Chemist: 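Let me begin by handing over the structure; questions about it come next.
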Amino acid sequence: MKNKKKLKVSIVMGSQSDYKTMKLTCKILKKLGIKFETKIISAHRTPKRMYEFATSALENNIEVIIAGAGGSAHLPGMISSLTSIPVLGVPIESKKLKGLDSLLSIAQMPKGVPVGTLAIGEDGALNAGLLAAAIIANRNPIVRRKLNNWRLSQTLSIKKKPK
């Protein structure tokens, strides 16, 4: 049965501690007026939850999935292996390797299982929201206008000369 609630983006993360980074994704989507949901789904600790989420995402009206994960960071790739919906991976900065482990895990996907990989940490989380908005903007002129306005305001905030 189709979900009546028109969700556009699903933001998933491997643990509660990842929310500190992924809340920046929420912030930018909210600013652009894009509906989203957040969930904690661990590829290793909640594999059944992950499987059910990924295989039902299309029928739940999800257009883009943003998956933040640290360490071995298998969440984005595992979700991508189970759905044709675009998956954007945000490597969460880790204490031991500063997120490089997460970045390499997300970026080095085998052919046929794509994950759009963003920068490590907060920059990646913000950019994942903007990239999701750009994907949605291809079919939604309202989101396109809001995204263009956001980019214009970013441009206008940069001074022309130093003080």
Side-chain angles (χ1 to χ4, degrees), residues 7-32 34-47 49-58 60-140 143-144 146-148 150-151 154-155:
L7 291 172
K8 298 289 185 185
V9 178
S10 189
I11 303 166
V12 297
M13 61 211 78
S15 67
Q16 177 64 46
S17 63
D18 297 340
Y19 185 66
K20 180 181 174 203
T21 300
M22 298 309 292
K23 68 183 175 188
L24 293 170
T25 308
C26 300
K27 225 177 187 177
I28 192 68
L29 291 175
K30 198 175 287 184
K31 192 169 198 163
L32 295 172
I34 297 171
K35 292 182 181 180
F36 65 91
E37 66 179 2
T38 57
K39 295 178 181 280
I40 295 174
I41 300 174
S42 169
H44 303 110
R45 293 182 299 269
T46 64
R49 186 187 304 172
M50 181 203 60
Y51 179 84
E52 289 169 357
F53 164 78
T55 57
S56 66
L58 191 60
N60 287 325
N61 298 314
I62 303 301
E63 287 189 50
V64 181
I65 297 169
I66 300 173
S72 61
H74 291 133
L75 183 63
M78 290 300 298
I79 290 173
S80 181
S81 76
L82 295 166
T83 185
S84 60
I85 295 170
V87 177
L88 307 178
V90 178
I92 302 295
E93 188 171 337
S94 58
K95 291 177 186 165
K96 292 180 183 169
L97 297 174
K98 302 294 183 209
L100 188 57
D101 48 349
S102 311
L103 175 67
L104 294 174
S105 180
I106 296 170
Q108 286 302 119
M109 292 302 300
K111 66 181 168 189
V113 187
V115 173
T117 308
L118 286 294
I120 297 169
E122 293 181 353
D123 289 354
L126 177 81
N127 282 340
L130 292 171
L131 185 53
I135 292 168
I136 292 168
N138 282 321
R139 291 193 346 228
N140 186 321
V143 172
R144 184 180 313 117
K146 288 179 179 181
L147 181 59
N148 288 338
W150 186 90
R151 289 181 172 165
Q154 178 181 263
T155 299

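In this text, all values refer to a predicted model and were calculated from it rather than measured experimentally. Starting from 1, each residue takes its place in the sequence as its number.
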Chemist: Are the side chains of Ile11 and Cys26 in contact, using a 4.5 Å heavy-atom criterion?
Modeler: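 With C-beta onward as the side chain, the pair touches.
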Chemist: Could you measure the distance from the NE2 atom of His74 to the OG atom of Ser81? Nearest 0.5 Å is fine.
Modeler: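 So the gap between those two atoms works out to 11.5 Å.
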Chemist: Taking all non-hydrogen atoms of both residues into account, name the closest pair between Val90 and Ala128 and its distance.
Modeler: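 Closest approach of Val90 to Ala128: CG2-CB, 3.6 Å.
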Chemist: Looking at Glu122, is its backbone amide N or carbonyl O close enough to the side chain of Thr21 to form a donor-acceptor pair, meaning the two atoms are under 3.5 Å apart?
Modeler: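 Not at all, since once roles are kept as given, no pair shorter than 3.5 Å links the two residues.
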Chemist: Please tell me if the side chains of Lys30 and Phe36 come closer than 4.5 Å, counting only heavy atoms from C-beta onward.
Modeler: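 Lys30 reaches Phe36 side chain to side chain.
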Chemist: If you take all heavy atoms of Ala132 and Leu88, which pair is closest and at what distance?
Modeler: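 It is N-CD1, 3.8 Å.
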Chemist: Measuring from atom OG1 of Thr117 to atom CD1 of Ile106, what distance do you get when rounded to the nearest 0.5 angstrom?
Modeler: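 Separation between the atoms: 6.0 Å.
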Chemist: For Ser80 and Val113, work out which heavy atoms get closest and say how close.
Modeler: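 Result for this residue pair: OG-CG1, 3.8 Å.
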Chemist: For Met109 and Ser105, work out which heavy atoms get closest and say how close.
Modeler: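 Nearest heavy atoms, Met109 then Ser105: SD-O, 4.1 Å.
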Chemist: To the nearest 0.5 Å, tell me how far Ile92 CD1 sits from Asp18 CG.
Modeler: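 Here the interatomic distance stands at 4.5 Å.
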Chemist: Within this structure, what is the CD1-NZ distance for the pair Ile136 and Lys35, rounded to the nearest 0.5 Å?
Modeler: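 So the gap between those two atoms works out to 12.0 Å.
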Chemist: Tell me the closest heavy-atom pair linking Arg144 and Arg139, and the distance in Å.
Modeler: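 Smallest interatomic distance, heavy atoms only, reads NH2-N, 4.5 Å.
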Chemist: Can you tell me how far NZ of Lys23 sits from CE of Met13, rounded to the nearest 0.5 angstrom?
Modeler: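 Answer for the CE-NZ pair, Met13 versus Lys23, is 11.5 Å.
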Chemist: Is any side-chain heavy atom of Arg49 closer than 4.5 Å to a side-chain heavy atom of Lys39?
Modeler: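 No, their side chains stay 4.5 Å or more apart.
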Chemist: Less than 4.5 Å apart, side chain to side chain, heavy atoms only: is that true for Ile34 and Lys146?
Modeler: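 With C-beta onward as the side chain, the pair stays apart.
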Chemist: Could you grab the distance from atom CD1 of Ile62 to atom OG1 of Thr83, nearest 0.5 Å is fine?
Modeler: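 Rounded to the nearest 0.5 Å, the CD1-OG1 separation comes to 9.5 Å.
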Chemist: Please find the pair of heavy atoms, one from Leu147 and one from Ala133, that lie closest to each other, and give the distance.
Modeler: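 For Leu147 and Ala133, the tightest heavy-atom pair comes out as CD2-C, 4.1 Å.
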Chemist: Under 3.5 Å, side chain of Thr46 to main-chain N/O of Ile41, donor-acceptor pair present?
Modeler: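 Flag not set: sc Thr46 to bb Ile41 has no pair under 3.5 Å.
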